[in-house]
Amino acid sequence: MKHAVLGAAGQLGRALCPRLAGEVVRLTRADADLTRPESLRSALGRLRPDVVVNCAAYNLVDRAESEPEAAFAVNAWGVRHLAQVCRDLGCVLVHFSSDYVFGLEEPRWTPYHETDPAGPVNAYGLSKLAGEYLVRGLCPRHFVIRTCGLYGLGGSGGKGSNFVETMLRLAGEGKPLRVVADQVCTPSHTVDVAAATAALLGTGRPGFYHLTNAGSCSWFEFARTVLEQAGVRANLSPITSQEYGAAARRPAYSVLSAAAYEALGLPPLRPWKDALAAYLEERGT
Ligand SMILES: NC(=O)c1ccc[n+]([C@@H]2O[C@H](COP(=O)([O-])OP(=O)(O)OC[C@H]3O[C@@H](n4cnc5c(N)ncnc54)[C@H](OP(=O)(O)O)[C@@H]3O)[C@@H](O)[C@H]2O)c1
């Protein structure tokens, strides 16, 4: 089994590559650029993989509000090219999407199932939702996997860090931390999402799935738990999304139910607090 992984140097890609069974070819933007269809077709045509895994994305949620074309060029039209190439080569396409395809339905306080209607509230979420439809419509053999709040060793390729590292850095600098308490989701460790993805691919059951750690919290609660578990003192206070004033609106609640994954008899991912403890240990805190 040969896997070609786009976005292999990103946060999720780095965790996933070592967990895939068989041969794994790691691709970066220089090898296969989603915005250049000919580079995708020639790289994948040469490799002839059985499975293409797309961990690449445009992930700058706030910046996407002022440059939606850039987000769509990667997350929608780039994914469209990729789905067409995978269809033509007869490969399975594994594609990652986001909890940010939700948020329009308010108030909402129960986890979203895979079959719930989506409704994004920002340009990034809209571009990711378009990508999902394009994969499902164009490439018959696909896994579309929505995940949420990723953090992993080395941080995000696109953003250069992750939420946990940012909290620890600001606390270390003695800066006051003001974190939104009115956005609830599930922070998820990349190694857990990667291991669950590998298990899911092993079932040979393509489809549409949600994969996150278990449970939920606000970003404020996550920050407080990061500091508690790391044994770091900080001046942390809760604020509202309005006070924070980000360019992009975000869902107030975007917790995902993993019902489709669990229906395959696969074990649920561990609770987010346990996953965070493991991450802090891995990074040597
Ligand atoms: N991060 C989160 O909290 C989160 C939450 C929910 C869902 N997701 C989804 O999970 C997946 C993985 O996210 P992540 O956090 O691992 O992202 P990441 O660390 O930012 O990595 C994304 C990768 O995509 C590559 N890339 C960007 N534009 C590209 C292009 N035009 N062609 C080819 N490669 C390109 C980047 O390569 P370069 O470094 O060369 O630019 C980077 O290595 C994405 O689908 C994302 O939407 C993420």
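In listed order, ligands and their atoms are each counted from 1.
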To atom 7 (C) of ligand 1, the nearest of G149, S97, A194, G13 on a heavy-atom basis is S97

Subject >> Sidechain N-carboxylate O distance under 4.0 Å for E132, K128 >> reply: no

| task | State plainly whether the residues D62 and R250 are in salt-bridge range, i.e. N to O under 4.0 Å. | result | yes

With sequence neighbours left out, the residues meeting side-chain contact (heavy atoms from CB on, under 4.5 Å) with A258 are Y261, E262

Report, as yes or no, whether the 6.0 Å neighbourhood of atom OH on Y133 holds more than 12 heavy atoms from other residues, nucleotides or ligands.
no

So CG of L20 and NZ of K2: to nearest 0.5 Å the spacing works out to 14.5 Å

A student checking ligand 1 against L12 at a 4.0 Å heavy-atom cut-off should list atoms 12 (C), 16 (O)

Nearest non-hydrogen contact to atom 25 (C) of ligand 1 from the set A73, S127, A56 belongs to A56

| task | Tell me, please: is L6 in heavy-atom contact with ligand 1, that is, under 4.0 Å? | result | no

Residues passing the ring pair (Phe, Tyr, Trp, His ring centres under 6.0 Å) test with Y124, sequence neighbours excluded, are none

Under 4.0 Å between heavy atoms, the region of Y124 that gets near ligand 1 turns out to be side chain

Heavy-atom proximity to atom 2 (C) of ligand 1, picking from T35, L150, V61, points to L150

Is it the case that ligand 1 has an N or O less than 3.5 angstrom from some N or O of C148? no

*CD of E173: more than 12 outside heavy atoms within 6.0 angstrom?*
yes

Please indicate whether any nitrogen or oxygen in S98 is less than 3.5 Å from any nitrogen or oxygen in ligand 1. no

Checking heavy atoms under 4.0 Å, the part of A57 that sits near ligand 1 is both

Closest to atom 11 (C) of ligand 1 (heavy atoms only, candidates Y151, F96, Y100) is F96

With heavy atoms and a 4.0 Å threshold, my read on which part of K128 contacts ligand 1 is side chain

Check this for me - ligand 1, N54, N or O atoms closer than 3.5 angstrom, yes or no?
no

Atoms of ligand 1 under 4.0 Å from any heavy atom of T147, numbered from 1 in the order shown, are 6 (C), 7 (C)

Logged contact type for A32 with ligand 1, heavy-atom cut-off 4.0 Å, is backbone

Is G78 near ligand 1, meaning one of its heavy atoms is under 4.0 Å from it?
-> no

Kindly confirm or rule out an N or O of N59 lying under 3.5 angstrom from an N or O of ligand 1. yes

Looking at R136 and E114, is there a salt bridge between them, counting it only when a charged N and a carboxylate O are closer than 4.0 Å? no

Do NZ/NE/NH1/NH2 and the carboxylate oxygens of E165 and R283 come within less than 4.0 Å? yes

Whether over 12 other heavy atoms sit under 6.0 Å from R249 CZ | yes

To the nearest 0.5 Å, atom CG of L12 lies from atom OG1 of T147 at 7.0 Å

Numbered in order shown, the ligand 1 atoms found under 4.0 Å of a heavy atom of G10 are 19 (O), 21 (O), 43 (O)

